[in-house]
Amino acid sequence: TGPDDFDRYRRRLFCRVGDWAHLFFNSSSMRTSRSGFSALEVLLAVAIIGLAAAFILWPLAGFRDQQLLDGAAEEILSLLAAARTKTLAAINDSNFGVYVDANAETLTLYQGDVYPGAGDPNNQVLELNPALGLSLALAGGGASVQFKHLTGATLNYGTITISLDRDPAENRVVIIEPTGLASLKL
């Protein structure tokens, strides 16, 4: 058992390891390397991204609708308040009112005792988003809310309802009191 025996033992060991190595590293059983992705891998990745986007964006659509309704209701309240304030301030010694055109989905702040028509340059027009619908229910009928000098009261009290065209159950109701004050129904 000299150094030559050790060398022989080592060579035999490496030969045996080499014999076994072909089982694990046989070139015929290994796949050749390739670059890129297969069509199946791409389709699977797109499907996963699509599902994730749907789960993330679905709640945001409802949030957008709520913001659209809330914004329109606030704009209508602001327009009604502006008409009442201008009447109380007796600007140009005149009354002011708001004409509601449910078909065109517009509200118009106008000066005078009656709505002068769409062409008046003094009108202030509020156009609703096309995704919204508008309905009106005023005491005594009509389509105008006219405010009185000194008190700011109106004979045309009632409600203005703003709703989503695709889901009318989703709506906001603006209540106009006989005192002329307007508020959002909760």
Can any side-chain N or O of Thr87 pair as donor or acceptor with the backbone N or O of Gly152 at less than 3.5 Å?
no
Shortest non-hydrogen separation from Gly97 to Phe147 and the atoms involved
CA-CD1, 4.4 Å
For the atom pair CG (Leu68) and CD (Glu170), what is the distance rounded to the nearest 0.5 Å?
11.5 Å
Excluding sequence neighbours, so at least two apart, what forms salt bridge (Lys or Arg N to Asp or Glu O under 4.0 Å) with Arg172?
Asp70
Rounded to the nearest 0.5 Å, what separates atom CG in Leu43 from atom CD1 in Ile48?
11.0 Å
Dump the intermediate steps for side chain to side chain contact (heavy atoms under 4.5 Å, CB included) on Ile176 and Asn156, then the final yes or no.
CA-CA 8 Å; Ile176 305 162; Asn156 312 99; over 6 Å; no
Under a 4.5 Å side-chain heavy-atom rule over Ile, Leu, Val, Met, Phe, Trp and Tyr, are Leu79 and Ile91 clustered together?
yes
Distance-only check: which donor-acceptor pairs under 3.5 Å involve side-chain atoms of residues 119-139, not counting sequence neighbours?
residue : atom : partner : partner atom : Å
Asp120  : OD1  : Asn122  : N            : 2.8
Asn123  : ND2  : Gly117  : O            : 2.8
Asn129  : OD1  : Ala131  : N            : 2.9

Return the minimal non-hydrogen interatomic distance between Ile162 and Leu69, and the atom names on each side.
O-CD2, 3.6 Å
Enter the distance from Glu75:CD to Leu80:CG here, rounded to the nearest 0.5 Å.
12.0 Å
Joint cluster assignment, Ile160 & Leu184, ILVMFWY side-chain distance < 4.5 Å:
yes
Rounded to the nearest 0.5 Å, what separates atom OG in Ser78 from atom CG in Leu109?
9.5 Å
Heavy-atom nearest pair, Glu177 first then Thr154, reads O-CG2, 3.6 Å
Could you work out, with side chain to side chain donor-acceptor pair (under 3.5 Å) as the rule, every residue matching Gln146, not counting sequence neighbours?
Tyr110
When rounded to the nearest 0.5 angstrom, what is the spacing between CG in Leu107 and CD1 in Ile76?
5.0 Å
Shortest non-hydrogen pair, Tyr99 vs Ser144, comes out as CD1-OG, 3.4 Å
For a quick test of reading the model, state the closest non-hydrogen atom pair linking Gln111 to Ser94 and the distance between them.
CG-OG, 3.3 Å
Nearest 0.5 angstrom please: Thr179 OG1 to Lys148 NZ, how far?
11.5 Å
Count the heavy atoms belonging to other residues, nucleotides or ligands that lie under 6.0 Å from OH of Tyr157, then report whether that count exceeds 12.
no
